[in-house]
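For reference, the structure discussed in these notes is given below.
Note that the structure is a prediction, hence the values are computed from the model and not measured. Naming: A, B, ... by sequence-line order, numbering from 1 per chain.
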Amino acid sequence: MPAFDEQTLHNLEKLCRIDCSPEEERKLLDSLNEVLGYMESLSEIDTTNVASCNDVLRGMLKNRMRDDIVANTLSREQFLSNAPDQIGGMVRVPPVLKTS
Amino acid sequence: MKALHTLSATELRDAFVNGSIKATDIANYFLARIATHDPQIKAFLQVLEVRTQTHAERLDKKRASGALLGKLAGIPIAIKDNMHIEGELTTCASKILENYRAPFSATAVHLLESEDALLIGKTNLDEFAMGSSTENSAFFQTHNPWNTRCVPGGSSGGSAAAVAGRLALLATGSDTGGSIRQPAAYCGLVGFKPTYGRVSRYGLVAFGSSLDQIGPFATTVADTALAMEVMGRTCNFDATSLDLPAEHYALATHLKEIKLGIPRKVIEGLNPSTRANFEEAIQVMKSLGATTVDVDFDILKHTVSVYYILATAEASTNLARFDGIRFGHRSKNATTLDELYFQSRKEGFGEEVKRRIMLGTYVLSAGYQDAFYKKAQKVRTLMIEAFETAFGTCDAIVMPVTTNSAFEHGAIQDPLQMYLEDLFTIPANLAGLPAVSVPSGYDERGMPLGVQILGPQMCDTSVLSIAHAYEQATRHAKIPGGFA
């Protein structure tokens with residue numbers, strides 16, 4: 001397994017949309033290397049012909065489907081009461097496209 | 001009558017129903033206990049004083065009118081702060097949700113309140129339930145009522161401390177890798193993780209969706225069963241809710257014809273005092289009529305690896321919703337949309353949450369998915385099969401809950417060491433099994449220890465029944481000094 005290096009960490013920060021301070025980066029690099037090193041022992045286990053676990057209850061669990069009925073479960077006011085910023089009854093966000 | 005906090009939840013409910021005490025007196029009594037004792041242990045993030053008093057007044061009127069009272073009438077119950085109570089804050093002990101007010105109640109919470117329980121407060125936790133000590137809360141640390149220098153365990157440490165200090169007689173927790181059972185053991189309580197799907201996850205802020213399960217903390221197994229009778233209902237708003245009728249938890253007082261599996265190899269590495277305590281618990285169960293058989297669980301040595309791959313992968317996906325757009329913390333230091341994501345998440349998440357999101361993203365990334373995520377999903381299958389084989393030879397498996405009693409604040413700094421704390425509790429989550437932690441005595445420091453009983457999927461009643469027989473024979477549960 002290639003080493004978990006600074007470049008990998010920077011790529012992860014981008015993927016996760018999380019900025020880290022240099023101090024946080026140093027700690028993350030050390031701890032993630034240690035944890036991933038520990039996890040490598042999984043490669044010792046023979047999993048040829050073993051199915052992936054997609055359902056922990058192995059068939060007991062049925063998807064609970066219900067009819068798609070329109071209902072007023074969350075009003076606009078209720079929803080917006082938790083929004084960090086709003087305008088005209090909608091959530092306001094910074095510009096998505098740059099203006100020239 | 002005995003002091004209210006020394007009663008079990010069942011006894012307190014009976015006292016209210018038969019007219020020995022008013023609900024308003026119960027509410028005031030426990031609110032006063034919180035005011036006196038919570039500053040020492042800091043179990044609560046919010047105390048719902050008005051809600052509790054208003055509900056208690058309604059209950060007194062309901063009782064006077066002769067209407068039928070709920071199964072939990074008058075019982076003060078603490079709710080872990082990652083479950084919604086309509087109109088109240090749900091912070092998940094995270095800066096990113098510091099001001100988030102729940103627009104609806106979690107199904108489990110709604111069921112408790114419908115049965116007339118008094119929702120007395122929201123309890124502290126490791127941020128987003130990620131941790132084993134409640135030291136990862138963004139707001140403050142919670143202390144163990146048995147020794148305030150020690151952690152209460154985690155992630156449901158606030159709920160455990162609240163019930164251990166008898167500031168509430170029941171509490172809810174969520175258990176993704178041991179977050180109910182480990183703090184229950186550290187605080188001398190009964191803590192139960194039901195079969196996956198037994199309690200609805202609707203209104204529980206998701207961490208690892210294939211592992212998360214809500215369950216109760218209580219001072220007795222009978223109270224645990226009472227809470228489960230109420231919470232363990234099928235729910236249309238959780239696609240993984242079990243479509244089964246509610247269980248009636250018939251509890252035994254002997255273990256005749258019960259065969260218990262003991263994973264001897266797994267417990268070899270225990271320290272002498274934990275091991276002696278565990279062996280003693282097995283002897284008690286044998287004296288109650290149980291027989292034992294060794295079960296082989298070599299695969300269990302890989303549980304921590306499998307769990308921290310799958311749980312973090314699921315967490316990285318679940319926590320993508322916290323982006324500063326629709327709810328939660330939004331950074332003031334961003335001018336573009338992309339900066340807003342990066343800055344809001346940087347400012348809102350704590351160190352452990354960031355670590356787990358990154359780890360989860362890494363094990364799911366194209367280059368490493370086969371070696372980590374997909375491999376772990378296959379090993380999870382092998383673990384489920386190992387349990388199925390074991391349950392072919394026994395009715396339940398008995399294991400310790402933890403390798404030691406509660407550790408001191410700051411004693412474990414290394415993330416991997418903290419992850420290894422979950423060694424004995426993770427297997428039940430990976431295999432979806434019901435598992436209970438019951439008090440099994442005290443170590444040489446006077447700190448509580450617990451023993452864990454795991455059963456096959458759906459056998460929640462038999463797990464609690466075995467725990468009840470053991471509890472009735474031993475009666476280890478006590479109120480910590482200073483809280484008596």
Practice item. Say whether Arg355(B) and Ser31(A), considering side chains only, have a donor N or O and an acceptor N or O under 3.5 Å apart. Key: yes
Point to revise | Part of Asn49(A) within contact of chain B (heavy atom distance under 4.5 Å) | key: neither
Exercise for review: State, with a plain yes or no, whether a side-chain heavy atom of Tyr38(A) is found less than 4.5 Å away from one of Leu420(B).
Suggested key: yes
Exercise for review: Spell out, as yes or no, whether a donor-acceptor pair under 3.5 Å connects the side chain of Arg345(B) to the backbone of Cys16(A).
Suggested key: yes
Check your understanding: Where does Glu388(B) contact chain A at under 4.5 Å (heavy atoms): side chain, backbone, both or neither?
Key -> side chain
Point to revise | Proximal component of Val93(A), with respect to chain B [non-hydrogen, under 4.5 Å] | key: both
Check your understanding: Under a 4.5 Å cut-off applied to non-hydrogen side-chain atoms, are Lys378(B) and Leu42(A) in contact?
Key -> no
Review point. If we only count heavy atoms from C-beta on, is the Arg326(B) to Asn82(A) side-chain gap below 4.5 Å?
Key: no
**Study point:** Pairing of Arg17(A) and Asp338(B) as salt bridge, 4.0 angstrom limit
**Key:** yes
Point to revise | Contacting region of Gln343(B) [heavy-atom separation from chain A under 4.5 Å] | key: side chain
**Study point:** Heavy-atom pair count under 4.5 Å with chain B, highest-scoring of Leu74(A), Val96(A), Leu36(A)
**Key:** Leu36(A)
Check your understanding: For the atom pair CG (Leu310(B)) and SG (Cys53(A)), what is the distance rounded to the nearest 0.5 Å?
Key -> 8.0 Å
Study note, to complete from the structure: Most contact-rich option vs chain B, by heavy-atom pairs under 4.5 angstrom, among Ser41(A), Pro94(A), Pro84(A), Ser81(A), is Pro84(A)
Check your understanding: Do the side chains of Gln78(A) and Phe104(B) get nearer than 4.5 Å, heavy atoms only?
Key -> no
**Study point:** Minimum side-chain heavy-atom gap Leu57(A)-Thr195(B) below 4.5 Å
**Key:** yes
Check your understanding: Nearest 0.5 Å, what's the CZ-CD distance between Phe342(B) and Glu13(A)?
Key -> 8.5 Å
Exercise for review: Without swapping roles, check the side chain of Thr381(B) against the backbone of Val50(A) for a donor-acceptor pair under 3.5 Å.
Suggested key: no
Point to revise | Side-chain H-bond candidate by donor/acceptor type, Gln377(B) with Asn54(A), under 3.5 Å | key: no
Exercise for review: Under 4.5 Å, counting heavy-atom pairs only, tell me which of Val35(A), Leu32(A), Leu28(A), Ile45(A) racks up the most with chain B.
Suggested key: Ile45(A)
**Study point:** NE2-CE distance between His302(B) and Met39(A), expressed to the nearest 0.5 angstrom
**Key:** 13.0 Å
Check your understanding: Hey, what do you get for OG (Ser52(A)) to NZ (Lys374(B)), rounding to the nearest 0.5 Å?
Key -> 8.5 Å
Review point. Has the side chain of Gln457(B) got a donor or acceptor atom that lies under 3.5 Å from a matching backbone atom of Val56(A)?
Key: yes
Check your understanding: What's the shortest heavy-atom distance between Leu12(A) and Met358(B), and which atoms?
Key -> CD1-O, 3.6 Å
Exercise for review: For the residue pair Lys375(B) and Thr47(A), confirm or rule out a side-chain donor-acceptor distance under 3.5 Å.
Suggested key: yes
Check your understanding: Does the side chain of Tyr362(B) come within less than 4.5 Å of Thr8(A)'s, by heavy atoms?
Key -> yes
